[in-house]
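Remember, it's 1-based here, ligands and their atoms both numbered in the order they're listed. One-based numbering along the sequence shown.
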Amino acid sequence: MVEVVSVPGLREFKQRGEKIACLTCYDASFARVLEEAGVDALLVGDSLGVVIQGQATTVPVRLPEMVYHTRCVRRAAVRALVIADLPFATYSEPKRALRSAARLVQAGGAQMVKLEGGRERVEVIQALVREGIPVCGHLGLLPQSIHRLGRYRVQGREPKDAQRLLEDACLLEQAGVELLVLECVPVELAAAITAEVGIPTLGIGAGPNCDGQVLVLYDLLGLTAKPPRFAQDFLSGKGSVRQAVADYVAAVKEGRFPSEQHAYR
Ligand code: KIV
């Protein structure tokens, strides 16, 4: 029998020390292959703005586009948990966030929504959780804030920034977040956050000590012109996409990916 990955089941991964293997996914064909290769969670990321639409950032992505791609993925997903990104400026206050998240869940079939930000998102998260919508947080590098940040770079290197991120992680957990993405943060900070919170963390450019990993599928397939340092081309030298993804899943589960070369200090 297929063991379906559920939202409550995410904590069980952490409790039994099994790493969660997550990949971004934007369509039904890849969803089927990723599932067959053992991926636990499919993130319909707003990175689709860059890798599918050819935009320079994730900022232009619209809610109907996210709903469409989520629906495509959800049709093929049987075992894996489907998480969908709330796009830029669609969750600035609780009422708006509820309307946006409801579209992703009802029309798209998402089982969890992801949003970027720390303490300033607590009210929004509480409103979604009250409505029964599971939430994944996202701390560290926040791609939707790229115009404020100026460039994509590691976050939390200064002790005061690291402390703030650690506090944010605890506040998000208290607000009801069930899963937490940590993007581009130093290895030690990701390890400290992972040890502090009871919910699982998913690292991307956050070193090997998170409770799981997430990668942009097109980075894993070697399709990105300038891949980030934390990515690895798993397709190179392999016979098929299915084999490349299976190797990624095995490398995550066995703690072989990410390694030192993918980490920031
Ligand atoms: O949109 C996305 O692909 C993401 C991952 C980078 C975590 O948010």
Query raised in the report: Looking at Tyr91, does the NZ or CZ of Arg96 lie under 6.0 angstrom from its six-membered ring centre and within 45 degrees of the ring axis?
Result: no
Query - Residues Thr224 and Asp219: side-chain donor-acceptor under 3.5 angstrom - result: yes
Report task. Check whether the side chains of Gln155 and Glu183 place a donor and an acceptor atom closer than 3.5 Å, and report yes or no. Result -> no
Report summary line: of all protein heavy atoms, closest to atom 3 (O) of ligand 1 is Ser47 OG, 2.5 Å
**Report entry** Note: Glu167-Arg119 ion pair, threshold 4.0 Å (strictly below)
**Finding:** yes
Report summary line: atom 4 (C) of ligand 1: closest protein heavy atom, distance to 0.1 Å, is Leu43 CD2, 3.7 Å
Query raised in the report: Should the heavy atoms of other residues, nucleotides or ligands under 6.0 Å from CD of Glu254 be counted, would the total exceed 12?
Result: yes
Query - Proximal ligand 1 atoms for Thr24, defined as those under 4.0 Å from one of its heavy atoms - result: 3 (O)
Query raised in the report: Can you tell which part of Thr58 has a heavy atom less than 4.0 Å from ligand 1: side chain, backbone, both or neither?
Result: neither
Query raised in the report: Between Arg16 and Phe13, is NZ or CZ placed under 6.0 angstrom from the six-membered ring centre and within 45° of the ring axis?
Result: yes
Report summary line: His138 heavy atoms within 4.0 Å reach ligand 1 at atoms 8 (O)
Report task. Output the list of atoms in ligand 1 that are nearer than 4.0 Å to some heavy atom of Asp85, sorted by atom number. Result -> 1 (O), 2 (C), 8 (O)
**Report entry** Element-labelled atoms of ligand 1 that are located less than 4.0 Å from some non-hydrogen atom of Gly45
**Finding:** 1 (O), 2 (C), 3 (O)
Query raised in the report: When you look for heavy atoms under 4.0 Å from ligand 1, do you find them on the side chain of Asp46, its backbone, both, or neither?
Result: both
Report summary line: Atoms of ligand 1 under 4.0 Å from any heavy atom of Ile204, numbered from 1 in the order shown, are 6 (C)
Query - Note: Glu260-Arg265 ion pair, threshold 4.0 Å (strictly below) - result: yes
Query - Atoms of ligand 1 close to Lys114 [distance to a heavy atom under 4.0 angstrom, numbered from 1] - result: 4 (C), 8 (O)
